[in-house]
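Worksheet: the structure to be examined is printed underneath.
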Amino acid sequence: MDDLLAELRTWLSDALPKWKAKWNGDTSWDALCDWQRMMAEGKWATASWPVEYGGRGLGTMDVLAIEDVVAASGAPQIPGMIGLKNVAPTLMKFGNDEQRKSVVRIGSTDEVWCQGFSEPGAGSDLANVRASGRLEGDEFVINGQKVWTSNGMHASHMQLLARTNPDAPKHKGISAITLSMKTPGVEVRPIKQINGGAEFAEVFFTDVRVPVANLLGPLHEGWMVTMTTLGHERAGVAVFAGRLEQRIRGLIEDVAKGDTRISPVVADELAEMYVEARVLGAMARQMLNKIAQGGTPSSEQSVIKMVWSELSQRVDTVVMGLAGVEGVTGDNHAAALGYLSARSATIAAGTSDIVKNIIGDRVLGLPRD
Amino acid sequence: MKNATTTEAERAEFRASVRDYLSNASPETRVRSVIDSGTGLDESTWKGLAADLGIAGLLIAEEYGGQGMGMPEMAVALEEAARSLAVVPLLASSVLSTLAIQLSGDEEAFKKYLPGLADGSEIMAFAGLDGAGTTTLARDETFWGIYGTKTAVLNANIASRFLVVASTPDGTGLFIVDGSAGGVVVNAQDALDLTRPTALVTFEGSEGTRVGGDFTDGLKSLLSLGRIATSAELLGISERLMEISVDYAKTREQFGKPIGAFQAIKHRCSEMFAHVESMRAAVAAAALVDPEDTAALHEQALVVKAYCARFAPWIAEATIQVHGGIGYTWEHVAHLYLRRVKTDEVLFGDALACRDELQEILGLTA
């Protein structure tokens with residue numbers, strides 16, 4: 001692994017300055033896609049993919065080590081994470097010959113994929129998908145609405161969940177369908193978030209016709225196909241936890257070095273967060289060790305997600321508190337932005353309330369309501 | 001004492017054998033009958049743990065009759081003993097007194113005292129905490145004379161010797177005082193924890209044997225190891241309380257369904273689980289710290305105790321809440337655990353005290 005990381009560092013020391021010189025501080029979507037293209041050509045963005053798709057066939061721990069080195073180099077975020085991490089592995093596993101051709105284009109950003117999962121009536125209760133995909137001859141006719149679609153404004157393609165059998169129980173009648181966002185009848189609108197950003201979209205479908213060949217995986221088995229997709233990022237939550245521990249350490253160092261006098265109450269609040277961060281970090285490292293030894297984490301994921309969500313939200317609340325009046329006057333914009341953005345920590349990828357239900361039902365075996 | 005000498009799989013096997021033994025030797029009925037006897041010691045269970053399972057000597061080197069293991073293994077024993085509520089002096093004798101002697105570095109004392117501790121034939125008590133507003137002194141007379149009062153001395157009523165921390169003219173010292181020495185007065189306290197008696201022990205010029213030299217650093221390490229040990233107990237109890245609560249939530253019906261189907265109860269149980277898993281990770285990480293790396297040991301011990309001392313009481317209280325009225329009865333086991341938890345919480349510093357020390361390490365104090 002040391003050789004691999006040395007190769008990566010050499011590659012970064014050449015590629016990153018070239019990209020910076022070309023874009024000169026520009027962090028637009030096009031500039032970020034250009035960086036992803038370079039990262040994919042170097043087989044770094046696609047390191048987890050099999051060799052035949054232009055990857056390196058590396059396991060979770062190697063990929064995490066690569067991501068750490070890339071992050072430490074100050075490289076920008078890769079824009080097409082959903083395509084790289086979730087859609088491409090699903091296409092490789094379930095796609096037909098035509099669908100699998102998209103994989104390489106996802107790496108290069110020639111195609112940008114989004115996932116049409118959540119709906120106004122299917123958020124935490126994702127299986128409650130209502131968008132319909134009526135089979136008519138050799139076409140699906142799609143009607144309905146998707147919401148909270150990440151990268152929806154930039155996407156060229158979508159992996160869609162639609163109800164193809166309205167009479168089956170709710171997990172059984174769903175299919176995964178791929179389509180171009182340029183298909184007639186598809187309309188995309190941005191969602192403006194409480195933090196002013198617009199990283200999500202609403203997507204409306206009005207009699208959108210796609211060929212049956214766009215079915216991904218077996219008919220009516222979209223739930224299984226999707227769960228496989230979501231399962232690809234199982235180590236992700238442990239990485240987030242490790243970064244949160246680092247962030248809290250950094251915040252405390254800054255406060256300790258700074259000139260601002262803090263009250264004993266705030267000092268205790270920081271110490272309390274430090275304790276929780278250290279414990280969360282220990283839990284995350286133990287989960288990663290388990291993966292490294294070939295084990296499969298189970299309940300750890302839900303617990304780490306639950307603890308991470310609430311602790312990361314708390315950090316931004318404390319940072320906002322430390323900012324005092326500057327947090328509300330625009331003088332400390334970063335604190336306000338962090339505070340507003342942190343509201344999503346206990347909502348995205350399963351609200352904390354639902355995570356507690358999942359732990360209760362699936363881990364502890366408590367009776368369902 | 002060594003760092004981890006066993007693998008995770010070996011520790012799992014060890015845990016299973018301890019749990020198996022204790023579930024037979026020390027069921028709740030046994031615990032209650034020992035409590036009612038007022039002796040403060042379940043002799044046959046202690047013999048089984050010490051002699052048959054070798055637990056009393058886990059931290060003692062093989063040349064002195066022990067197992068030559070370290071905190072990762074002792075943490076397992078402490079978790080299991082605490083979850084069974086066995087009335088044995090594991091913490092006082094096999095952890096605190098044993099470690100105090102070892103941290104003194106006094107090889108004569110190793111030879112003299114460790115074999116008896118290793119097979120459990122001798123029980124010692126650690127007298128570290130001075131009575132409110134007092135300082136225990138050691139005066140160099142014709143012998144070392146110990147003057148002072150120690151409080152919350154665990155298992156003092158069954159100890160043959162006391163490990164006493166006292167202030168000497170040249171710094172902090174560690175002394176061994178025979179229980180039968182002149183001027184030793186043991187007054188039983190009305191201990192909250194029914195499974196582990198405490199006493200106020202007064203030394204009125206009692207003769208002490210000095211063990212090792214300056215004990216300032218030794219005491220600091222001992223306090224750290226005490227924090228990890230009490231955290232392991234808190235973990236073992238918390239896990240058991242979570243199991244009891246979940247079982248009850250599955251079977252107790254109100255309003256026509258098991259109460260665990262109600263989200264208020266379900267979420268409480270899920271939060272218990274998250275805290276238990278966090279405590280497990282924290283105790284494992286702390287037990288694996290190399291005890292020679294005193295700075296890391298100090299910091300990790302504060303972290304683990306700050307966490308466990310905050311959330312184990314929450315879990316014990318939540319257990320009573322989940323059980324409703326039955327949880328408030330003497331007959332239910334919940335209060336036996338709550339009493340033990342509240343005691344472990346304050347030994348070697350509660351969460352607030354640990355965070356206070358962490359603030360200093362982190363540079364957060366003005």
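Only this structure's heavy atoms are used, side chains among them; waters, hydrogens and symmetry mates stay out. Worth saying up front: this structure is predicted, and the values here are computed from it rather than measured.
For CZ of R343(A), the number of neighbouring non-hydrogen atoms (other residues, nucleotides, ligands) closer than 6.0 Å is greater than 12. Counting heavy atoms of neighbouring residues, nucleotides and ligands inside a 6.0 Å radius, atom NZ of K290(A) exceeds 12 of them. In this structure, K170(A) places its NZ atom where more than 12 heavy-atom neighbours from other residues, nucleotides or ligands lie under 6.0 Å away. Annotation for F262(B): atom CZ counts as buried by contact number, over 12 foreign heavy atoms lying within 6.0 Å.
Going from atom CZ of R268(B) over to atom CG of L366(A) covers 13.0 Å, rounded to the nearest 0.5 Å. Distance check, rounded to the nearest 0.5 Å: CZ of R355(B) to CD of E272(A) gives 4.0 Å. Atom-to-atom distance recorded for E277(B):CD and M287(A):CE is 12.5 Å, nearest 0.5 angstrom. For the atom pair Y274(A) OH and I361(B) CD1, the distance stands at 7.5 Å (nearest 0.5 Å).
Contact of V363(A) with chain B is made through the side chain alone, with heavy-atom distances under 4.5 Å. Only the side chain of K257(B) comes within less than 4.5 Å of a heavy atom of chain A; its backbone N, CA, C and O stay farther away. E243(B) does not touch chain A: none of its heavy atoms, backbone or side chain, sits under 4.5 Å away. Contact of Q286(A) with chain B is made through the side chain alone, with heavy-atom distances under 4.5 Å. Proximity to chain A is limited to the side chain of L358(B), based on heavy atoms less than 4.5 angstrom apart. Contacts between M283(A) and chain B at a heavy-atom distance below 4.5 Å involve backbone atoms as well as side-chain atoms. In this structure, chain A has a heavy atom under 4.5 Å from the side chain of E299(B), while its backbone stays farther away.
Note: N357(A) leads L280(A), N357(A), V303(A) in heavy-atom pairs under 4.5 Å with chain B. For the set P258(B), G363(B), A285(B), S278(B), the count of heavy-atom pairs under 4.5 angstrom toward chain A peaks at S278(B). Among I259(B), L352(B), V246(B), the residue with the largest count of heavy-atom pairs under 4.5 Å with chain A is V246(B). Interface remark: of the candidates I265(B), L362(B), L302(B), L362(B) forms the most heavy-atom pairs closer than 4.5 Å to chain A.
Evaluation of the salt bridge (charged side-chain N to carboxylate O under 4.0 Å, His left out) rule for R15(B) yields E79(B), E80(B) as partners, not counting sequence neighbours.
Panel note: side chain K266(B), backbone P367(A); a donor-acceptor pair is recorded below 3.5 Å. Of the possible donor and acceptor atoms, one in the side chain of S270(B) sits under 3.5 Å from a partner among the backbone N and O of G360(A). Looking only at distances, a side-chain donor or acceptor of K250(B) sits under 3.5 Å from a matching main-chain atom of L364(A).
For the pair K356(A)/Q263(B), no side-chain contact is recorded, criterion being any heavy-atom separation below 4.5 Å from C-beta on.
Between P264(A) and Q359(B), the shortest heavy-atom distance links the atoms O-NE2, 4.5 Å.
Contacts of residues 303-320 of chain B with chain A at a heavy-atom distance below 4.5 Å involve V303(B), A306(B), Y307(B), R310(B), F311(B), listed in sequence order.
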